[in-house]
Structure formats: C-alpha cells, structure tokens
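Working notes for the structure below.
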There are 4 protein chains.
Amino acid sequence: MATREKTGGLIRIRRSRTRRILPAEVRVGDLMSAAAELFIAKGIEATTVNDIVERAGVGKGTFYHYFETKEDVIVALRERFSRDFTDQVAQAVASCPADDHRARFAAWLRGTVQAYIANYKLHDVVFHEFRPGNRNVKDKEIVLAQLGELLAAGAAAGAWKLSDTRAAAIVIFDGMHGMVDDAIAGEPRDAEQICRRLSELFGRMLLI
Amino acid sequence: MATREKTGGLIRIRRSRTRRILPAEVRVGDLMSAAAELFIAKGIEATTVNDIVERAGVGKGTFYHYFETKEDVIVALRERFSRDFTDQVAQAVASCPADDHRARFAAWLRGTVQAYIANYKLHDVVFHEFRPGNRNVKDKEIVLAQLGELLAAGAAAGAWKLSDTRAAAIVIFDGMHGMVDDAIAGEPRDAEQICRRLSELFGRMLLI
Amino acid sequence: MATREKTGGLIRIRRSRTRRILPAEVRVGDLMSAAAELFIAKGIEATTVNDIVERAGVGKGTFYHYFETKEDVIVALRERFSRDFTDQVAQAVASCPADDHRARFAAWLRGTVQAYIANYKLHDVVFHEFRPGNRNVKDKEIVLAQLGELLAAGAAAGAWKLSDTRAAAIVIFDGMHGMVDDAIAGEPRDAEQICRRLSELFGRMLLI
Amino acid sequence: MATREKTGGLIRIRRSRTRRILPAEVRVGDLMSAAAELFIAKGIEATTVNDIVERAGVGKGTFYHYFETKEDVIVALRERFSRDFTDQVAQAVASCPADDHRARFAAWLRGTVQAYIANYKLHDVVFHEFRPGNRNVKDKEIVLAQLGELLAAGAAAGAWKLSDTRAAAIVIFDGMHGMVDDAIAGEPRDAEQICRRLSELFGRMLLI
DNA sequence: CATGAATGAGCCTTCATTCAT
DNA sequence: GATGAATGAAGGCTCATTCAT
C-alpha cells in the first residue's frame, strides 16, 4: 500500500512494504464491502477503483485479481443482495405452518419490509444506478416468483381470491416498495406501522 | 488567453458553416430533444456533450450557452417530463364530470398508464439513471398529490372508502408503475388490458 | 445587456433592450477601468472578456469594437500607467528649482514612491503577469532615462559624484521598488518613512 | 465507467510502448526538467501538460501520478530553484574566512550574480508568470534573511556601518537584480563587470 | 454604432485497466 | 499471489473571437 501526501506541489509517495496474504473469500468480501460502503456514500460513478482498494486496504492489482472489471463488483453485490434478501424472507415464511397461508403472507410482508428497510441504501445504488440493459428484470423476477407461489398456494387453498397472481404480486411488491421509500424519505415509521397499513390495503385487495 | 498562434506559418481558414440565430426556446428545445433521444438510446453516461450538440446541429459552445453543465439538461428534461405528465393526466381527469369520482379515477388510471407507456424510456433514463440526492422525491410528490386529492374527494363523497389516502396513493401509483414495467419487459399488452387488471385490484382495495 | 439566471437546470436569458450611445473616450475608459479592477482582483488570466464587459455594462461586441484582442487592453493599461507615472513624477521634479539638484532628486524619490504606493496593484498585474516578449524593457527604460538625466545633471553640476549613471539609476530605481514592495507586504509604513531610509542609503551611495 | 466499447467490431490493439518503471525521483526530475525547458521556451500558459509529458517521454497519466495539477509543477520548480540558489550562494560565502566580512560580502555578490545570470530565464518564468497569492514573498524572504545576516555580522564586527540592515539588504538585492536584468537585456556583460560596478555603489553605501 | 448568440479549438483532468516487478 | 507505477483514451468545460441582426 501507499500513502500520498503533498509537499510543495509534489506528491510524495510513501511505500509501505506490507504484503499480507489472506484467503480469497476474505479478500473478495473486503473488496465488496468497501465497494458497497463507497457506492452508498458517493454513488457508483463517483467511486473509483482506487477508492475501493484504498478502503479495502489492498493494492489495485488485487482488485483486478478478483474482479475483471469495476462492473463486476456491482453485479456481485447485486447477486449477494438478492440472495440474502430472498433467503431472509424465505426463512421468515418457512417459520409459519405450511397451511396457514395468511400467516405466511403476513410473514412475507413483514420480512420483506424489514429486509428492505435494513438495506435500502445498497439496494437503491446497486439496482437503480446501474444499467444492465435488461431493466434489472432478472433479480426482481426471483422475488416476484417467490411471492407469486405464496399467493397461488393461498388462492388454491381458498385463503383468498385472486384472478391474476402475477398482477397481484407486482402490485403488492411495488406497492410495498413505494411505502417503504416514502417512510424513509419522510418521517421515519417503524416496520410494524408500515406493515399494518399495507396489510389493510392488501387484505381488501385479496378479499381476505 | 489562447493567442491565435500561427501554426507553422499556415493559416487555417475556418469555413463559417453559416451560423444561424434562432429563438432561445427553439435552441433549448432542440438541445433537449437531442439529449433525450441519445440518453434513451445510449444511456446518460455514454452520451457525451459532443454527441448532443452534433445531433442538435449546433456548436459545443451553444450547449454551454444554454446549460451550465451536462447535468442541467437532465434536470431540465425531468422537469419538462413531470410537467407534461401531470398536465396530460389532469386534462384526462378534468374531462369527466366533477362528481363522477369513479369515472375520474378510471380516467386517472388510463391517463397515467398511457402517458407512462408512451414515455417510459425517457422516464427511466431521466429518473433512474441520475441521482439528484433527494431520491427524486420532489417530482413524485407532485404526482402523488394529484392522485391523493382525487382519492380524498371520492372518499369524502362516499364513492369509496379508505382510511389512509397517502398509503393508497402510493400503492396505486407504484403498483401501476410495476404493472406497466412488467408489460413493457414481457409480451406487450395494450393499455386497456393493463387498466382492466389494475382496476380490478384497486377496485377491491378501495372497496368500490 | 443580458442577465442570466438559473431556473431548473436551464439558463434563462433575460434581454434588456437598452442600447446607450456614449462618446468613444468614455466607453474606452469604462472598459479599461473595469478591466483594471478585475485584473487586480482576480488576475489577468482569470478575468474573461465577459467579466470585463459585464462590469463595464456594455455588450461584448463593444469590447471588440474598441480593442482588437484581450491583450490590447493590457497594453493600453500599461501605456496609461506609464504615462501617468512619469507625468506625475516629472511634475514633482519640475516644481523644484532647476539648479537645486538635491531637491530635485528628493522630489523624484518622493514622487516615485508615492506614485508606486498608490498604484502598485495595477502595476504588479499589468507588468508582471503578462509577457510581451521583450521583458517589459520599454516602459522601464523611460523611467530610467528620466532618472538618468536627473542624476547626470546633478553629477555635472557637482551636486554628487557617480561614475556610472545608468548603474546608479538602476540600483536606485529597483532598490526603491523593493523597499516599497516590502513595506506593502509587511507592516504598512508611510511614504515619508520609506523615503528617509532610502535617502540615507542613496545619499551615501552618491557621496552626497 | 468508460466501458471498453467495441468500436464497430474492431478491436484496437494498443502497441504497448514498453512501459518502463523508474525510481520516483528520476521520473519527477524528468518531468520537472521538461516543464522548465518548455516554460522557458514558450511561457507557462502556452505550455500544455501534453507538451510536458511528450518531452519527458511518459504518458499523461504519469504526470498526474506525481503532480496533482499543472500548477504544482510550478510550485515544485520554484522551491527547487530557491533551494539551489541559496545553497549555491551559501557555499560561496562559506568558502571565505568567517571573520573576513568584506570577502564574504564580495563572495555573496559574485555568487548571487552568477547564479542569477545562469538561471534568470527559469527565474523569470517561475517567479513572475505565476501568482501564488502571497506575492512570492516567502522565497524572497529566505534570500533576504541570508544577506541580512551577513550584513549584520559585518556591521557588528565593524567591517562597515549601516543603520537599517533590512533596508540595505533589500536595496542591495533588488539593485543587483536590476543590474543583471539590464545586462541580460542589453549587450551582454560578464559577471565580473557587473560585480565591479555594484561593488563600487554598494561599497559607498555601506561606508566600507 | 451596439449587441449577444453562436462557435469550436483546445485544455486540464480522470480513471479503468495493464503489467513489470 | 500481490502490488502500484504507468498508461492514454475520452470527456467536460472554457473563452476569445466572430458576425448576423
């Protein structure tokens, strides 16, 4: 690593000859975390690879040892985010009896709201600030599928009625998104409050 | 100061590509349109100011005569978009009798869906690809207010029931957004079809 | 004239259709004064022609009506400065009896110090920040000639002794310059004090 | 992010002009020397960073690896100049017996004149063409201090008389400057001749 | 005479990526 | 594996100057 300091118009470069060798997972993790923090703080475009390696405490070459391009970190971050997100929600849902569909839906809602509140900053940056061409459909699709299944199961079991599962899933998911964004932007409400409001609206919508 | 240095004794004649003077509005309009087209086609970052002026058929200085930075076009574009959007929807709603709230809501929904379908490309680029810090809250707020009023009026007149106008407005607006995005990404559905699906869901939600 | 104000990312240009017609001298004078003030405040390079015309309250074309290039103002400013400077000093000297050489030298010294103190800012900017190739020799030469004559006359009349008029003139002029600069940079001394110190040194140097 | 866009299916091979890695000092030295030569030849403003790196034989990025801005080279150059200048003169003075004050003064004068004659071009460019705000006082102060000490020591030892050390130092230094400038601008005189003339004047001034 | 919209060459700077060590 | 010096294409922006009105 190297520190740069200015002395009379000239950047003096101070080499510190530490070269630590760590397991690959740790390196990758450090790099991704550093990137995430910086992306959140400054935005993706304003964050340079230099910033990332500096914060991660590794040399620049190391970055390119683990990632092929800067975009790769974003993709990796997105994947990690999606995985964590769905896992977390799936776990919450799974903790309910398989046949208590209303409880499962409630668990989905609470889990989703909580996960989103906890991570919306990274979510925003990683999903909105970067264009992968396909309008980010891929990742959203997974979440919608998860919710769709839940809704379909409930409908099949007579827990609620709905004629178009996908449409309902979309409205529920994006509606929930909007509510959380609104809460974040305005006076902070807790997850419970948001869930109550959404439950009422969605409950009627599903004819629960 | 850039003194006109004789480049090796060779005087470079500049073909004066007949400089045309146009009203400011036209110039600004041309520039904004050129920018919009390019932003949609290549993304904001990939579009250079050079691209824009070339497409608009003006010199680069002209761009900076009307805009202070590249970002400024985006802001201007966003404002124009929001203005046009709300105007269009407001007009559709206004064409319904003031006391026919269901018709007014239907008009709002159809108007919004149509306007969004017609312009989602610019919308995406201008609202998602660029970070103005305040999470774009301002512009969305205007739209939400418009819808909120409509909903409140209907509720007051007994056309429907709802306990939290803002929550409903958010879910409706973002739900509609999601549906249109989905339609755009997948097999294209026409506006009518989307409206029907949404009407059903929102109708139940509002206890119409 | 035109004012520019920002409204939503777009520079709105407000035309004020006043077109005043003034005598050429006034125009040129306004322009030169505006330029001088700005050069002093921001430096020559940082001052744009736009700045100048804005402060002078005229259109940009007007500038190029009276000056061929931006450099021309500097040259004009320098000429005006030199003329004023020598005139002022000459006048002070002329107020002494033609045969009282010591008084004439004292008058020259006091006049020069005063003139320089009063205008050093413009002097600095106009004589040091701009390279006319010949190391500004021309203008200094006039001043040196003026002083040289005075010294030679005094020597011829036996008021003092000196073997090399030009060398003495240079040392006296640049020495005086240095003293005034020093006074300006440090705690402010009045002209009298500076003159006393210089008189002592120069008096000995000339074997007065 | 500047994604490596395929330019119409054509992959641009970059001839890797064998990138050589050199010690930082060498690189910085090359860059500074190149800059100095160009500044002297064309003036600071007319010299572009491109010019500098081209002459130094490095990539443009290398420049910004070592300097933060173009101005930084000027500052660095100025510091190097001042350091070298004072060192050189100090060395000349130190070669005289500590108690032979007249010899020391003579050595100072000759050393200063020689050093200035040898480097006046860079001096001019770097000290006059660039405004660091504080009127370059800092660097001159060092030189004046050096001379002031010498003068004070001589006065204390009775080698000469002077009532105001600083005033004398200023007049001597700036007088010497003026003489050398004059010699440079007119017919070239050698250092010895200049020193002789100055010695006579200064000798009388100090009542040696 | 006066104006200011229009121009474009050219500058400084950034930063993702490479590769010699 | 790890490093960071080196690179250079590319972009945003400035500003002196012109000229149609």
Side-chain angles (χ1 to χ4, degrees), chain A residues 1-2 13 15 17-22 24 27 45 47-51 53 58-66 68-71, chain B residues 1-4 7 12 14 16-24 27 45 47-51 53 58-71, chain C residues 1-2 13 15-22 24 27 45 47-51 53 58-66 68-71, chain D residues 1-5 12 14 16-24 27 45 47-51 53 58-66 68-71:
Chain A
M1 251 202 312
I13 287 146
R15 292 191 205 89
R17 284 254 157 263
T18 36
R19 172 194 286 225
R20 299 169 309 143
I21 295 188
L22 266 65
R27 276 283 142 88
E45 208 196 323
T47 300
T48 69
V49 174
N50 254 333
D51 293 337
V53 298
V58 300
K60 195 166 356 185
T62 308
F63 180 94
Y64 284 93
H65 187 69
Y66 292 110
E68 230 156 59
T69 69
K70 186 185 167 187
E71 294 191 2
Chain B
M1 214 173 292
T3 333
R4 192 167 304 288
T7 327
R12 197 165 288 284
R14 74 182 65 213
S16 74
R17 224 181 330 145
T18 49
R19 151 164 63 179
R20 297 194 323 140
I21 292 180
L22 263 60
R27 272 285 134 86
E45 207 198 324
T47 299
T48 71
V49 174
N50 261 332
D51 293 337
V53 297
V58 300
K60 201 190 310 207
T62 306
F63 180 92
Y64 286 95
H65 187 66
Y66 290 109
F67 299 96
E68 250 170 19
T69 67
K70 183 186 167 188
E71 292 197 356
Chain C
M1 254 202 309
I13 288 146
R15 292 190 205 89
S16 73
R17 283 252 157 265
T18 36
R19 170 196 286 227
R20 300 169 309 142
I21 295 188
L22 266 65
R27 277 281 140 88
E45 209 196 324
T47 299
T48 69
V49 174
N50 255 332
D51 293 336
V53 298
V58 301
K60 198 173 344 191
T62 307
F63 180 94
Y64 284 94
H65 187 69
Y66 291 110
E68 229 156 62
T69 68
K70 185 184 166 189
E71 295 191 2
Chain D
M1 217 172 291
T3 334
R4 190 166 304 286
E5 252 165 323
R12 197 165 287 285
R14 74 182 65 213
S16 75
R17 230 191 314 154
T18 49
R19 152 164 59 180
R20 298 193 323 140
I21 292 182
L22 262 62
R27 272 286 134 85
E45 206 198 324
T47 300
T48 71
V49 174
N50 259 334
D51 293 337
V53 297
V58 300
K60 202 186 315 204
T62 306
F63 180 92
Y64 286 96
H65 188 67
Y66 290 109
E68 250 169 19
T69 68
K70 183 186 167 187
E71 292 196 356

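In this structure, the CZ atom of C/Phe63 is 16 Å from the P atom of E/dG4, given to the nearest Å. In this structure, the CD1 atom of D/Ile21 is 8 Å from the C1' atom of F/dG4, given to the nearest Å. For the pair B/Asn50 CG and E/dG10 P, the computed distance is 14 Å after rounding to whole Å. As rounded to whole Å, 15 Å separates atom C1' of F/dA9 from atom OH of D/Tyr64. Spacing between atom CD of C/Glu45 and atom C1' of E/dG10 amounts to 14 Å, rounded to whole angstrom units. Across the protein-nucleic acid pair, C/Asp51 atom CG and F/dT17 atom C1' stand 16 Å apart, rounded to whole Å. Atom CG in B/Leu22 sits roughly 7 Å away from atom P in E/dA6 (whole-Å rounding). Rounded to an integer number of Å, the gap from CD of C/Glu68 to C1' of F/dA16 is 13 Å.
Map A/Thr69 and D/Thr47 each onto its nearest nucleotide of DNA chain E; the residue landing nearer the 5' end is D/Thr47. Annotation: of the two residues near DNA chain F, B/Val49 and B/Gly61, the 5′-most nearest-nucleotide partner is B/Val49.
For C/Lys60 and F/dT17, a side-chain-to-base donor-acceptor distance below 3.5 Å is present, hydrogens and geometry of angles not being considered.
Using a 4.0 Å cut-off, some side-chain N or O of D/His65 falls inside it from OP1 or OP2 of F/dA5. Contact between the side-chain N/O atoms of C/Tyr66 and the OP1/OP2 oxygens of E/dA2 is found at a separation under 4.0 Å. Here C/Arg27 does not reach the OP1 or OP2 of E/dC1: none of its side-chain N or O atoms lies under 4.0 Å away.
The shortest heavy-atom contact between A/Thr69 and A/Phe63 is O-CE2, 4.0 Å.
With both ends at atom C1', the span from F/dT21 to E/dC1 equals 13 Å, rounded to whole Å.
Atom OH in D/Tyr64 sits 8.5 Å away from atom NZ in D/Lys70 (nearest 0.5 Å).
The partner of F/dG4, taking Watson-Crick or G-U wobble pairs whose two distances both stay under 3.5 Å, is E/dC19. For E/dC11, the paired nucleotide is F/dG12, the pair qualifying as Watson-Crick or G-U wobble because both relevant distances are below 3.5 Å.
Among the protein residues, A/Thr62 comes within range of the nucleic acid bases, having at least one heavy atom under 4.0 Å from a base atom.
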